Peer 1: 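Okay, here's the structure, questions in a sec.
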Amino acid sequence: AEWDSVQLVARSWAALSRYSRELSQDAVIDLASYLAQEFAYAFADKEDEAGFNGDGTSTYHGINGVLSKAAAGSVHTAAATRLAFSDLTFDEFETVVGKLPDYADMGGARWYISRTGYFASMARLLNAAGGNTIETLEGGPTRSFLGYPVEFAQVLTSDTGDQASTAVCCFGDLNQACMLGNRQEIRVQPLVERYAEFRQIGVIADYRMDINFHESGDATTAGSMVVLKTPAA
């Protein structure tokens, strides 16, 4: 066994919401619980954005995600003219599976793709393969492809038109490829006086976390995540 030094830097993330005092007085729902859920969803969405699409800029608090950090050996570029989800064929996805190292296929490997992308490519290919009955069509797809589970990642592209040089999905084991750490859980704080002149109450939530995509491969060898990319136009 060999050990690498993987560093996580606690980065502060925050979200702010405002609502009127009248709403606070008249609401028939538990506003605090509702806002807590919305804050949690917003932070989860930002984690996905940074983890997949992060390019190291301030937009992502300096985080480099899977798509920007994957080395050349971890990227499979589809054949020429296969620019849209509807152009992708079984052999492109099979090549992606074949590039994944054995150590990253120990039970945790899965596909990550947008919902739109899945139905425009994977589900379309499965339906066209035949063997369907009324029962299987009524039951819908099982969300697996080529023997591996499919996870929807809505931060990945959902464009159904031609997309040149665009990462359309990922395949591999995120647990091996990335490390996510929370230094502080979500804290929610009311700001009673901050917006008093507007007769509003502010609520701010913050927490600290970081993501490090550390198994990105190199120029010739794939890491724990493989990216399928469309060709240049």
Side-chain angles (χ1 to χ4, degrees), residues 1-9 47-57 59-85 87-114 117-118 120-122 125 144-153 155-159 162-181 210-233:
E2 295 182 358
W3 303 92
D4 293 329
S5 177
V6 179
Q7 183 181 35
L8 294 175
V9 179
E47 284 182 357
D48 283 354
E49 280 277 5
F52 283 104
N53 300 325
D55 58 8
T57 62
T59 300
Y60 305 99
H61 286 277
I63 294 174
N64 284 287
V66 173
L67 303 188
S68 68
K69 200 173 179 181
S74 296
V75 177
H76 168 62
T77 302
T81 73
R82 293 178 179 174
L83 296 169
F85 281 116
D87 298 327
L88 297 175
T89 58
F90 272 115
D91 64 294
E92 302 291 4
F93 293 106
E94 289 167 343
T95 301
V96 170
V97 174
K99 285 181 72 71
L100 190 73
D102 286 343
Y103 67 79
D105 190 8
M106 304 295 288
R110 58 194 61 221
W111 297 96
Y112 297 90
I113 188 171
S114 68
Y118 169 75
S121 59
M122 297 175 177
L125 291 171
S144 64
F145 188 66
L146 298 180
Y148 295 91
V150 176
E151 296 285 348
F152 289 154
V155 298
L156 298 178
T157 180
S158 295
D159 190 342
D162 288 352
Q163 308 174 80
S165 301
T166 302
V168 294
C169 70
C170 308
F171 174 74
D173 189 339
L174 270 184
N175 286 326
Q176 285 193 16
C178 303
M179 183 174 291
L180 184 152
D210 191 22
I211 298 172
N212 189 328
F213 175 43
H214 53 83
E215 295 298 325
S216 55
D218 56 34
T220 57
T221 306
S224 297
M225 290 290 290
V226 179
V227 176
L228 174 57
K229 189 176 181 181
T230 57

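Please read all numbers here as calculations on a predicted model, not as lab measurements. Position 1 is the first residue of the sequence; numbering continues from there. Values reported hereafter were calculated over all heavy atoms of this structure, with side chains retained and with hydrogens, waters and symmetry mates removed.
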Peer 1: Please check if the side chain of T230 supplies one atom and the backbone of T166 the other of a donor-acceptor pair under 3.5 Å.
Peer 2: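 Present.
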
Peer 1: Write down the atom of Q176, the atom of A104, and the distance for their closest heavy-atom approach.
Peer 2: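 Nearest pair, atom of Q176 first, then A104: OE1-CA, 3.5 Å.
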
Peer 1: OG1 of T77 to CG of L228: how many Å apart, nearest 0.5 Å?
Peer 2: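 T77 atom OG1 to L228 atom CG measures 8.5 Å (nearest 0.5 Å).
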
Peer 1: Going by heavy atoms in the side chains, are H76 and E92 under 4.5 Å from each other?
Peer 2: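 Result yes, sub-4.5 Å side-chain heavy-atom pair found.
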
Peer 1: Any non-hydrogen side-chain atom of S224 less than 4.5 Å from a side-chain atom of Y103?
Peer 2: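 Heavy-atom side-chain distance check passes, below 4.5 Å.
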
Peer 1: Is any side-chain heavy atom of V97 closer than 4.5 Å to a side-chain heavy atom of F145?
Peer 2: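 No - every pair of side-chain heavy atoms lies 4.5 Å or more apart.
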
Peer 1: Counting only N and O atoms by type, is there a donor-acceptor contact under 3.5 Å from the side chain of D87 to the main-chain atoms of R82?
Peer 2: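 Flag not set: sc D87 to bb R82 has no pair under 3.5 Å.
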
Peer 1: Could you tell me the separation between the CZ atom of F52 and the OG atom of S114, rounded to the nearest 0.5 Å?
Peer 2: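 Rounded to the nearest 0.5 Å, the CZ-OG separation comes out at 11.0 Å.
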
Peer 1: Over all heavy atoms of both residues, which pair between G217 and S74 is shortest? Give the atoms and the distance, please.
Peer 2: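 Shortest heavy-atom separation between G217 and S74 comes out as CA-OG, 3.8 Å.
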
Peer 1: Tell me, do I113 and S121 make a side-chain contact under 4.5 Å, heavy atoms counted?
Peer 2: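 Yes, at least one pair of side-chain atoms sits under 4.5 Å.
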
Peer 1: Decide yes or no for N212 and K69: does some side-chain heavy atom of the first lie under 4.5 Å from some side-chain heavy atom of the second?
Peer 2: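 Counting from C-beta outward, N212 and K69 do come under 4.5 Å.
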
Peer 1: Please answer whether the main-chain N or O of T57 pairs with a side-chain N or O of D55 as donor and acceptor at a distance below 3.5 Å.
Peer 2: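 Indeed, once roles are kept as given, a pair shorter than 3.5 Å links the two residues.
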
Peer 1: Determine the minimum heavy-atom distance between F213 and A70, stating which atoms define it.
Peer 2: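 Minimum heavy-atom contact is CE2-N, 3.9 Å.
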
Peer 1: Is it true that a side-chain atom of S68 and a backbone atom of G54 form a donor plus acceptor pair closer than 3.5 Å?
Peer 2: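 Yes; judged by distance alone, with no hydrogens or angles, the pair exists.
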
Peer 1: When rounded to the nearest 0.5 angstrom, what distance separates CE in M122 from OG in S144?
Peer 2: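 M122 CE to S144 OG: 10.5 Å, rounded to 0.5 Å.
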
Peer 1: Please evaluate residues M179 and L8 with respect to the criterion side-chain contact (heavy atoms from CB on, under 4.5 Å), reporting the C-alpha separation (whole Å), side-chain torsions for both, the decisive distance (0.1 Å), and the verdict.
Peer 2: CA-CA 8 Å; M179 183 174 291; L8 294 175; 3.7 Å; yes

Peer 1: Taking the side chain as everything from C-beta on, heavy atoms only, tell me whether D173 gets closer than 4.5 Å to M106.
Peer 2: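 In short, these two side chains do not touch, never coming nearer than 4.5 Å.
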
Peer 1: Output the distance between atom CZ (F152) and atom OG (S158), rounded to the nearest 0.5 Å.
Peer 2: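 The distance works out to 10.0 Å.
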
Peer 1: Do H214 and D4 come within less than 4.5 Å of each other through their side chains, counting heavy atoms only?
Peer 2: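 No, every pair of side-chain atoms sits at 4.5 Å or beyond.
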
Peer 1: So if I apply the side-chain contact (heavy atoms from CB on, under 4.5 Å) rule between N53 and each of L67, T157, I63, which one comes out positive?
Peer 2: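 With N53 as partner, L67, T157, I63 yield a single side-chain contact (heavy atoms from CB on, under 4.5 Å), made by L67.
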
Peer 1: Would you check, one step at a time, whether the test side-chain contact (heavy atoms from CB on, under 4.5 Å) holds for T59 with E49?
Peer 2: CA-CA 10 Å; T59 300; E49 280 277 5; over 6 Å; no

Peer 1: Of the non-hydrogen atoms in F171 and V96, which two are nearest, and what is the gap between them?
Peer 2: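 It is CB-CG1, 3.7 Å.
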
Peer 1: Taking all atoms of both residues into account, what is the closest heavy-atom pair of L88 and A78, and its distance?
Peer 2: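 In terms of heavy atoms, the two residues are closest at CD2-CB, 4.2 Å.
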
Peer 1: I need the minimum non-hydrogen distance between P149 and A109, along with the two atoms involved.
Peer 2: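 What the structure gives for the nearest pair is CD-O, 3.7 Å.
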
Peer 1: Fit a plane to each ring of W111 and F93, take the angle between them on a 0 to 90° scale, and name the class: parallel (under 30°), tilted (30 to 60°) or perpendicular (over 60°).
Peer 2: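 It falls in the perpendicular class, over 60°.
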
Peer 1: Does any non-hydrogen side-chain atom of L83 lie less than 4.5 Å from one of P231?
Peer 2: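 Sidechains of L83 and P231: in contact.
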
